[in-house]
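For clarity, every value in this text was computed on a predicted model and none was experimentally measured. Each ligand, and each atom within it, is numbered from 1 in the order the structure gives.
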Amino acid sequence: MEFRDLKKQYEQNKEKIDNAIAEVVSGGHYIGGVAVAHLENRLAGYVGAKHCISCANGTDALQLALMAWQVGPEDAVFVPDFTFFSSGEVVPMVGAVPVFVDVEESTFNIDPQKLEAAVERVLHETDLVPKVVVAVDLFGHPAKHEAIRNIADKYHMYVLEDGAQGFGGMIGERKACSFGDISTTSFFPSKPLGCYGDGGAIFTDNDGWDRLLRSLVVHGKGADKYDNIHIGMNSRLDTLQAAVLNVKMDFFEEEIKGCAQAAVWYDTSLLSVCNIKCPGTLDGYHSSWAQYTILLENEAVRQQVIDNLKAAGIPTAVYYKKPMHMQAAFAGRQPVTADCPVTEDICKRCLSLPLSAYVTQMEVAEICQVISGVL
Ligand SMILES: *Cc1c(COP(=O)(O)O)cnc(C)c1O
């Protein structure tokens, strides 16, 4: 069994993907061009954002947003304690200071009340300026963007939506990657919309930031790339990857539905199993189901479940083992001591199960049977 079945996806769409790749290779234009422009227009339309700027990966996308806002050494950036490393890594990359905020067990996303408490602490205990909140849509479930927006407005902060896993999710009729002042996503192969290597995108409604970001992704170019008006990066999306993504967008909505179906199969099969918590979805929220992550009773039980699934040929993943505030890379960089008991607890109990639009009901049943055998 595959954890996220990208081979089946390719097999089912082989001809279209092969043709798109061959067209780029035989066309002789490997950077930029029609495929990239077409993809950017399409993604902006899908998300409902005015602008989409493609780039090399989801980490660069986050860093570029902070660069566009000139976030630097005097600034505090609030990041959920339970997320992939990138969400926080980019903060010291621009010289700013990360403040890790605890999450809610029910959605794995940043807890708005604790966010406000963290902002107050920074204001009272440090000389830093609260500047940005990174709102991560973890595992595909959109963050509580309305509550986060209210806090950001109150303290004059920007919202940076990290939609690397959230792309394709919704709150009401509004798509993920439209909630930030700037929003970002990743096209790493295993993300909801993945390419065949690295890729990323940035979304915004702001014309000035759009212009600036388009410059920053190509060495801070002015009139052309040999006229340099900013210190930027080399962070372009390859034409080949754009061509692949254009094909995958044709069936993306269907895939999201397939993942949601698999999630329902899991929910139903695990309903009767004791001592297990299935991932919930808030009313009016739609997950893109980047991951299906359960919570077990404790670390020992989790290890037993992992071992038994492994013995049955079923792969799992622990996203994430370690709270951000405990990562060695952030040692000595945090201005206030983190207060994140929920994250510390769920890091010991979380387990992500195989999920894709290609997993079958039989496979889900088999997985759940192994799990219920342990509990
Ligand atoms: C994957 C991921 C990123 C980084 O994306 P890359 O394309 O791998 O650089 C950032 N944030 C979150 C939450 C992610 O899951």
Indicate every side-chain donor-acceptor pair of residues 127-137 with a distance under 3.5 Å to a residue at least two apart or in another chain.
from: Asp137; atom 1: OD1; to: Ala143; atom 2: N; distance (Å): 2.9
from: Asp137; atom 1: OD1; to: His145; atom 2: NE2; distance (Å): 2.8

What side-chain donor-acceptor pairs closer than 3.5 Å can you find for residues 158-172, not counting sequence neighbours?
from: Glu161; atom 1: OE1; to: Cys177; atom 2: N; distance (Å): 3.0
from: Glu161; atom 1: OE1; to: Ser178; atom 2: N; distance (Å): 3.3
from: Glu161; atom 1: OE1; to: Phe179; atom 2: N; distance (Å): 2.9
from: Glu161; atom 1: OE1; to: Ser183; atom 2: OG; distance (Å): 3.1
from: Glu161; atom 1: OE2; to: Cys177; atom 2: N; distance (Å): 2.9
from: Asp162; atom 1: OD1; to: Ala164; atom 2: N; distance (Å): 3.1
from: Asp162; atom 1: OD2; to: Ser87; atom 2: OG; distance (Å): 2.9
from: Gln165; atom 1: OE1; to: Phe139; atom 2: N; distance (Å): 2.7
from: Gln165; atom 1: NE2; to: Tyr320; atom 2: OH; distance (Å): 2.9

Expected list for residues 26-33: side-chain donor-acceptor pairs under 3.5 angstrom, two or more places apart:
from: Ser26; atom 1: OG; to: Ala22; atom 2: O; distance (Å): 2.9
from: Ser26; atom 1: OG; to: Glu23; atom 2: O; distance (Å): 3.4
from: Tyr30; atom 1: OH; to: Val25; atom 2: O; distance (Å): 2.9

Is any NZ, NE, NH1 or NH2 atom of the basic residue among Glu2 and Lys8 found under 4.0 Å from an Asp or Glu carboxylate oxygen of the other? no
Salt bridge Arg42-Asp250, side-chain N to carboxylate O under 4.0 Å: yes
Short N or O separations between ligand 1 and the protein, below 3.5 Å:
from: ligand 1; atom 1: 5 (O); to: Ser186; atom 2: OG; distance (Å): 3.4
from: ligand 1; atom 1: 7 (O); to: Gly58; atom 2: N; distance (Å): 2.7
from: ligand 1; atom 1: 7 (O); to: Ser186; atom 2: OG; distance (Å): 2.7
from: ligand 1; atom 1: 9 (O); to: Gly58; atom 2: N; distance (Å): 3.3
from: ligand 1; atom 1: 9 (O); to: Thr59; atom 2: N; distance (Å): 2.8
from: ligand 1; atom 1: 9 (O); to: Thr59; atom 2: OG1; distance (Å): 2.5
from: ligand 1; atom 1: 11 (N); to: Asp162; atom 2: OD1; distance (Å): 3.3
from: ligand 1; atom 1: 11 (N); to: Asp162; atom 2: OD2; distance (Å): 2.7
from: ligand 1; atom 1: 15 (O); to: Gln165; atom 2: NE2; distance (Å): 2.7
from: ligand 1; atom 1: 15 (O); to: Lys191; atom 2: NZ; distance (Å): 2.7

Is it true that the NZ or CZ of Lys114 lies under 6.0 Å from the centre of Phe82's six-membered ring and within 45 degrees of the ring axis? no
